[in-house]
> 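Dumping the structure here so I can ask a few things about it.
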There are 2 protein chains.
Amino acid sequence: MTVESVPTAPRMKAADRRELILEAATAVFGAKTYVGTTTDEVARAAGVSQPYVVRLFGTKEKLFIEVIDRAYDRMIDVFRAALPGAPEAVGDRMGTAYTELLVERGMLPVVANSTALGGEPQIGRVARAGFSRIWRFLRDEAGFTPEQAREFIATGMLINTIVGLRLTGDYGDEVSATEVLDACFPDAVEKVRTLLPAAGEPW
Amino acid sequence: MTVESVPTAPRMKAADRRELILEAATAVFGAKTYVGTTTDEVARAAGVSQPYVVRLFGTKEKLFIEVIDRAYDRMIDVFRAALPGAPEAVGDRMGTAYTELLVERGMLPVVANSTALGGEPQIGRVARAGFSRIWRFLRDEAGFTPEQAREFIATGMLINTIVGLRLTGDYGDEVSATEVLDACFPDAVEKVRTLLPAAGEPW
DNA sequence: AACTGTAGTAATCGACTGATAACATGTCAA
DNA sequence: TTGACATGTTATCAGTCGATTACTACAGTT
């Protein structure tokens, strides 16, 4: 009768474990910001020990860089998937694709957070590069004019703000939340509302 | 011949000292985010000792709450000052007022940062309240329609992003920065460029 | 079956940070 | 003048966090 050890995580190939940790890290970084997140929290969320996270990624900063790079990748993927169809409705389809990213934990907040860290030498480089990739995609692949691209991104940033503020709970006294949401999500209010956490909730 | 002591800050009424610290704190919080700044950095920037900062404000969190509350106040002030004049150009004047806030260190980044902290119980409340005040000002005092208010705020968030990313330096290889800036600041590119720090600069 | 590289953990360290306590000095009313 | 309050500091602590080291165990190859 061999005693189950089981303190250690089930064995897995390093590449798979990395992907698993990246996914967990996206959620945690998204919920608590880069500086506000500990490598231990990421490790727990991924079901491994804290030193192992550090060993797989070198430093917390490098881990975060991989996280945001991956998030920009994912974002462009879903945008590209929304390209086929009536050309005049590309913007709408891509907007919908953006809001649907809300279900992928941390994806949007992590990108939003990265845009506030342009002053960090390493992270800033990756964040600018990610933003640049989005911009060029909109111009080159989606065929947006500069003005259309500006408008699209501005709306995305506004959505990030609504999400970050947790403006989707019941704060009738604080904000005319319904009006804000109606104005910001013309026809996706209900969906967005159900996808978002309220204030204080762990996301 | 009395020996100058001078290790201590020149005496000042507590109310004035608070205001001085709040100003310094806005700059530091704006440059390094809430979690990323230490009370000691704020104290140094204000020229006082670290324990005195926490004694005057109780906790770091309470200090930050006063900072963002003050920032939303200030923002509404400059918006209100831009109201008088041709009604059809109110939006332009307020947009200009917003970009001119860039010279007041930390004012814009701090507000941007606050919108990412809606999940924090205390800070989130104040951030939502600040956002709400802006929204109501736009609707009630500036006479914006919901759609106009949405558009105005979205543009502001985009500006915050540009600023946060430090997209104003020379990153010709990373981004068609000029095109982005042209699209985002139709007629204020040069002014904005001179007001913003480059990546790595301390702001 | 033994060897070797890979996957993973426990223990721990040094640096940092927010907060507290105790103390010092300046100001002002009576 | 004196005493009482307000302004401000030094010293220090207890907790936290990222990173390092040293170790264990599993898996595949020959």
Side-chain angles (χ1 to χ4, degrees), chain A residues 1-25 28-29 31-67 113 117 120-123, chain B residues 1-25 28-29 31-67 113 117 120-123:
Chain A
M1 179 173 148
T2 56
V3 179
E4 280 298 312
S5 50
V6 200
T8 87
R11 249 182 181 240
M12 192 178 293
K13 295 193 70 175
D16 296 337
R17 185 66 77 186
R18 278 179 64 91
E19 196 56 35
L20 199 149
I21 293 177
L22 281 172
E23 193 175 339
V28 182
F29 279 132
K32 312 198 37 168
T33 80
Y34 169 58
V35 214
T37 298
T38 70
T39 55
D40 189 62
E41 290 170 313
V42 172
R44 286 175 197 275
V48 295
S49 65
Q50 178 264 340
Y52 196 41
V53 170
V54 177
R55 191 155 90 178
L56 280 184
F57 294 90
T59 65
K60 176 185 170 184
E61 187 182 40
K62 287 180 184 172
L63 168 61
F64 185 68
I65 283 176
E66 285 205 45
V67 163
N113 188 213
L117 300 176
E120 303 291 315
Q122 311 297 331
I123 298 175
Chain B
M1 179 172 149
T2 57
V3 180
E4 280 299 313
S5 49
V6 201
T8 88
R11 233 156 195 264
M12 193 178 293
K13 295 194 72 174
D16 297 337
R17 185 67 78 187
R18 279 178 64 92
E19 196 56 35
L20 199 149
I21 293 177
L22 282 172
E23 193 176 338
V28 182
F29 280 131
K32 312 196 40 169
T33 80
Y34 169 58
V35 213
T37 71
T38 69
T39 55
D40 189 62
E41 289 171 312
V42 172
R44 287 175 196 276
V48 296
S49 65
Q50 177 264 339
Y52 196 41
V53 170
V54 309
R55 192 157 88 177
L56 280 184
F57 294 89
T59 65
K60 176 185 170 183
E61 187 181 41
K62 287 179 185 172
L63 168 61
F64 185 68
I65 283 176
E66 285 205 44
V67 163
N113 188 212
L117 301 176
E120 303 290 317
Q122 310 297 331
I123 298 175

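Sequence lines set the chain letters: A, B, ... in the order given, protein chains first and strands last, and positions in each chain run from 1.
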> Can you name the atoms? Protein N/O to nucleotides 15-19 of chain C N/O, anything below 3.5 Å, with the distance.
residue	atom	partner	partner atom	Å
dG18(C)	OP1	Thr37(B)	O	3.3
dG18(C)	OP1	Lys60(B)	NZ	3.1
dG18(C)	OP2	Thr39(B)	N	2.8
dG18(C)	OP2	Thr39(B)	OG1	3.1
dA19(C)	OP2	Lys60(B)	N	3.0
dA19(C)	N7	Gln50(B)	NE2	2.9
dA19(C)	N6	Gln50(B)	OE1	3.1

> State which residues pass side-chain contact (heavy atoms from CB on, under 4.5 Å) with Glu66(A); sequence neighbours excluded, sorted by chain then number.
Arg18(A), Leu22(A), Phe57(A)
> Please report the distance, rounded to the nearest Å, between CZ in Arg18(A) and P in dT6(C).
15 Å
> Is any side-chain N or O of Arg17(A) closer than 4.0 Å to OP1 or OP2 of dA7(C)?
no
> For the pair Phe64(A) and Phe29(A), name the ring-plane relationship: parallel under 30°, tilted 30 to 60°, perpendicular over 60°.
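Perpendicular, since the angle between the ring planes exceeds 60°.
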> Can you tell me how far P of dC17(D) sits from CZ of Phe29(A), to the nearest Å?
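Roughly 13 Å, once rounded to whole Å.
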> Not counting sequence neighbours, list each pair that qualifies as a salt bridge (charged side-chain N to carboxylate O under 4.0 Å, His left out) and has a residue in residues 50-61 of chain A.
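Counting only pairs at least two positions apart or across chains, no salt bridge (charged side-chain N to carboxylate O under 4.0 Å, His left out) contact touches residues 50-61 of chain A.
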> Atom OH of Tyr52(B) to atom P of dA21(C): distance rounded to whole Å?
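One finds 18 Å between P of dA21(C) and OH of Tyr52(B), rounded.
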> To the nearest angstrom, how far is Arg44(B) atom CZ from dG8(D) atom P?
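To the nearest whole Å, that distance equals 18 Å.
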> Any protein N or O atoms within reach of nucleotides 2-4 of chain D? Criterion: under 3.5 Å, listing atom names and distances.
none

> Whole Å only: how far is the CZ atom of Phe57(B) from the C1' atom of dT20(C)?
18 Å
> Applying salt bridge (charged side-chain N to carboxylate O under 4.0 Å, His left out) as the test, list every pair that has at least one member in residues 33-53 of chain A; sequence neighbours left out.
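Of all non-adjacent pairs touching residues 33-53 of chain A, those that pass salt bridge (charged side-chain N to carboxylate O under 4.0 Å, His left out) are Lys32(A)-Glu41(A), Asp40(A)-Arg44(A).
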> Which distance, rounded to the nearest 0.5 Å, do you find between the CG of Leu117(B) and the CD of Gln122(B)?
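Between atom CG of Leu117(B) and atom CD of Gln122(B) there are 13.0 Å.
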> Quickly work out the Leu56(A) CG to dG18(D) C1' distance and round it to whole Å.
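So the two atoms are 15 Å apart, to the nearest Å.
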> Report yes if at least one side-chain N or O of Thr8(B) is closer than 4.0 Å to OP1 or OP2 of dG8(D); otherwise report no.
no
> How many Å lie between CZ on Arg11(A) and C1' on dC26(D), as a whole number?
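Taking atom C1' of dC26(D) as the reference, CZ of Arg11(A) is at 4 Å.
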> Could you check Thr59(A) against Leu63(A) for side chain to side chain contact (heavy atoms under 4.5 Å, CB included), going step by step and ending with a plain yes or no?
CA-CA 6 Å; Thr59(A) 65; Leu63(A) 168 61; over 6 Å; no
> Apply side chain to side chain contact (heavy atoms under 4.5 Å, CB included) to the pair Tyr52(B) and Arg17(B), showing each step before the final yes or no.
CA-CA 10 Å; Tyr52(B) 196 41; Arg17(B) 185 67 78 187; 4.0 Å; yes
> Residues in side-chain contact (heavy atoms from CB on, under 4.5 Å) with Ala46(A), at least two apart?
Leu20(A), Ile21(A), Ala24(A), Val48(A)
> Atom NZ of Lys13(B) and atom C1' of dT7(D): how far apart are they, to the nearest Å?
12 Å
> Verify the neighbour count for atom CD of Glu23(A): are there more than 12 heavy atoms of other residues, nucleotides or ligands below 6.0 Å?
no
